[in-house]
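Worksheet: one structure, shown below.
In what follows, chains carry the letters A, B, and so on, assigned in the order in which the sequence lines appear, proteins first and then strands, with residues in each chain numbered from 1. Bear in mind the structure is a predicted one, so any value in this text is a computation, not a measurement. What's counted below: heavy atoms across the whole structure, side chains too, no hydrogens, waters or symmetry copies.
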Number of protein chains: 2
Amino acid sequence: MNLTVAEENYIKAIFHLQQAEGNVSTNQLAASLNTKPASVTDMLKRLTHKNLLNYEPYQGVTLSKDGKKQALTIVRKHRLWEFFLVDKLQFGWDEVHEVAEELEHVRSKKLVDKLDAFLGHPKFDPHGDPIPDSNGIMATIRQFNLIDINPTAWVEVCSVGIQSAELLELLRHKNIGIGTIFQVIRKFDFDHSIEISIKNSKSLNISQQLAQALFVKLV
Amino acid sequence: MNLTVAEENYIKAIFHLQQAEGNVSTNQLAASLNTKPASVTDMLKRLTHKNLLNYEPYQGVTLSKDGKKQALTIVRKHRLWEFFLVDKLQFGWDEVHEVAEELEHVRSKKLVDKLDAFLGHPKFDPHGDPIPDSNGIMATIRQFNLIDINPTAWVEVCSVGIQSAELLELLRHKNIGIGTIFQVIRKFDFDHSIEISIKNSKSLNISQQLAQALFVKLV
DNA sequence: AATTATTTTTAGGTAAATCTAAATAATTTA
DNA sequence: TAAATTATTTAGATTTACCTAAAAATAATT
Ligand SMILES: [Mn+2]
Ligand SMILES: [Mn+2]
Ligand SMILES: [Mn+2]
Ligand SMILES: [Mn+2]
């Protein structure tokens, strides 16, 4: 069953929204897709008719088993292309989302799998989000917000909460990226800033705002 | 002025058809785009209104200056992606057209130019067709059909007239590809087959059908 | 030149994906 | 719990990109 670009965008949006909050509302979808609630209702009916959603009028939606499978192949394509753009074409990770938003709709199983192999079967995209494999299975690691980590713990940066150019600029300046390993040294109550020490390197200060944008795993 | 996928496909089809025969007819376009003449007329009006065509009812169309510029950026994208698929992802050149048909519509000047650089600014696609540069300029070499070359001439294969898997299979078997250099030794009147001799290698026979599918330049 | 055949356009219609405005359902507040 | 507010759906339009059937223009044949 072949989906249109619009249908795929809806499926993907529902997938992401339901991760965070279970049942997804019409208004949430309208906001996330930059469209109007009335348009969303139309589309929900169409996707329900195609058995991709569990939809109860006025009660919001979730993806059906089929819908979830579709969503995972779109997410896989999106993240593989993002990896390609950053790793091979030298895009900054703040520039790739828009382009990947189009590339994710190119239909060719062979293309995706060959791209995956060409890239060396990456497990995470440039923002640290896991890439589903061809069976829709993706790594799930226990992530914590840096703001919640206590001193002396060693951690590895595994994703970012925001993808702005400004964040990227700051991280580059501080020499921090996905995969960087460091130890939390101290937390300051006054401004909630954090002192960290990057593996064999000098220690540096992380502001509250920055800490809130960084997700790490314990190592 | 941003074109839809359908509009881009029309512009590109007109570009290719007018190369061969000047004014392009409604029926030619309908055949080439797998659609109906009535639909073509509709679209011709829309594209004319956007100043991309010179269209005189009942007299066929050609691209305007603007239309030609648009066409060249689409052709550039199509051929760069084909090169990418064959050179980096190991597709056979009979498999790439369909996928490139979708990839060519991804809108990002930056993407195209970075892809071009990543690929090493290739001048020809896997079928031997020239790739326009970012200004729309492409190499033009004087090509001849192998069937028209006379004995003792040295030639280099520069493109193929057909892109079938069957042709690719045969060429691989004979160890011939784009760039292969050989000498035409003899032509046989009975079956119009040709004896050729590949540079430092044994001589071999090319059937009439094969010769008609190969385009070469004199070296 | 008149007839026939072919090509192209027009007329009228459909499905997808959007919209605005109005109606209805659900939730919150007083 | 009744009224007010908010969320969602329905009704009715619009645009794009197609379609079929019929009319009109052009080209080819007697
Ligand atoms: Mn998208
Ligand atoms: Mn990402
Ligand atoms: Mn195309
Ligand atoms: Mn090609």
Side-chain angles (χ1 to χ4, degrees), chain A residues 1-14 17-18 20-63 67 70-71 74 101-102 104-107, chain B residues 1-14 17-18 20-63 67 70-71 74 101-102 104-107:
Chain A
M1 202 182 284
N2 247 353
L3 303 182
T4 66
V5 169
E7 287 170 339
E8 288 191 346
N9 284 333
Y10 270 84
I11 292 289
K12 198 183 57 160
I14 296 167
L17 290 170
Q18 81 177 25
E21 4 202 340
N23 262 41
V24 180
S25 77
T26 303
N27 265 10
Q28 275 180 300
L29 269 170
S32 138
L33 289 162
N34 262 307
T35 182
K36 295 289 178 292
S39 309
V40 172
T41 302
D42 278 358
M43 183 61 100
L44 294 183
K45 284 183 195 159
R46 295 238 317 281
L47 293 174
T48 301
H49 189 251
K50 290 191 176 192
N51 293 309
L52 296 164
L53 302 182
N54 308 117
Y55 169 53
E56 207 60 59
Y58 294 101
Q59 305 306 309
V61 281
T62 55
L63 294 174
Q70 293 283 354
I74 307 163
E101 201 55 50
E102 295 192 39
E104 72 189 355
H105 303 291
V106 175
R107 290 181 281 280
Chain B
M1 202 183 282
N2 248 352
L3 303 182
T4 67
V5 170
E7 287 170 337
E8 288 192 345
N9 284 333
Y10 271 84
I11 291 289
K12 197 181 59 159
I14 295 168
L17 290 171
Q18 81 176 25
E21 2 202 341
N23 262 42
V24 179
S25 78
T26 304
N27 267 8
Q28 276 180 299
L29 269 170
S32 139
L33 289 162
N34 263 307
T35 182
K36 295 290 178 291
S39 308
V40 172
T41 302
D42 277 359
M43 185 60 100
L44 293 185
K45 285 183 195 159
R46 295 238 316 281
L47 293 174
T48 301
H49 190 251
K50 291 191 175 191
N51 293 309
L52 297 164
L53 303 182
N54 307 117
Y55 168 53
E56 205 62 55
Y58 293 102
Q59 304 306 309
V61 280
T62 55
L63 294 174
Q70 293 282 355
I74 307 164
E101 202 55 50
E102 295 193 39
E104 71 188 356
H105 303 291
V106 176
R107 288 181 282 280

Return the polar atom pairs (N/O with N/O) between nucleotides 22-26 of chain C and the protein under 3.5 Å, or none.
from: C/dA25; atom 1: O4'; to: A/Y58; atom 2: OH; distance (Å): 3.4

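Residues satisfying the side chain to side chain donor-acceptor pair (under 3.5 Å) test with B/E104, not counting sequence neighbours, are B/K12, B/H78. Listed by chain and number, the residues in a side chain to side chain contact (heavy atoms under 4.5 Å, CB included) with A/N54 are A/T62, A/S64 (sequence neighbours excluded). Residues passing the side chain to side chain donor-acceptor pair (under 3.5 Å) test with B/S25, sequence neighbours excluded: B/Q28. Residues that satisfy the side chain to side chain contact (heavy atoms under 4.5 Å, CB included) test with B/A13, not counting sequence neighbours, are B/L29, B/S32, B/L33. Partners of B/E8 according to the salt bridge (charged side-chain N to carboxylate O under 4.0 Å, His left out) rule, which considers only residues two or more places apart in sequence or in another chain, do not exist here. In this structure B/A6 satisfies the side chain to side chain contact (heavy atoms under 4.5 Å, CB included) test together with B/T4, B/M43, sequence neighbours excluded. Taking B/K50 as the reference, B/E7 meet the side chain to side chain donor-acceptor pair (under 3.5 Å) condition, with sequence neighbours excluded.
For residues 25-43 of chain B, no residue pair satisfies the salt bridge (charged side-chain N to carboxylate O under 4.0 Å, His left out) rule, not counting sequence neighbours.
Taking the side chain of A/T41 as heavy atoms from C-beta on, and the options C/dT9, D/dT10, C/dT18, the nearest nucleotide is D/dT10.
The phosphate of D/dT9 has neither OP1 nor OP2 within less than 4.0 Å of any side-chain N or O from A/K45. In this structure, A/Y55 does not reach the D/dT8 phosphate: none of its side-chain N or O atoms is under 4.0 Å from OP1 or OP2. For B/S39, no side-chain nitrogen or oxygen approaches OP1 or OP2 of D/dC18 to under 4.0 Å.
A heavy atom lying under 4.0 Å from DNA chain C marks the following residues of residues 21-38 of chain A, by number: A/T35, A/K36, A/A38.
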In dot-bracket form, how is DNA chain D paired, counting a Watson-Crick or G-U wobble pair only if both its distances are under 3.5 Å and using | for bases paired to another strand? ||||||||||||||||||||||||||||||

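Listed for the A/Q18 side chain is a donor-acceptor partner under 3.5 Å among the backbone atoms of A/L63.
The side chain to side chain contact (heavy atoms under 4.5 Å, CB included) test with A/I14 is passed by exactly one of A/L53, A/L52, A/N9: A/L53.
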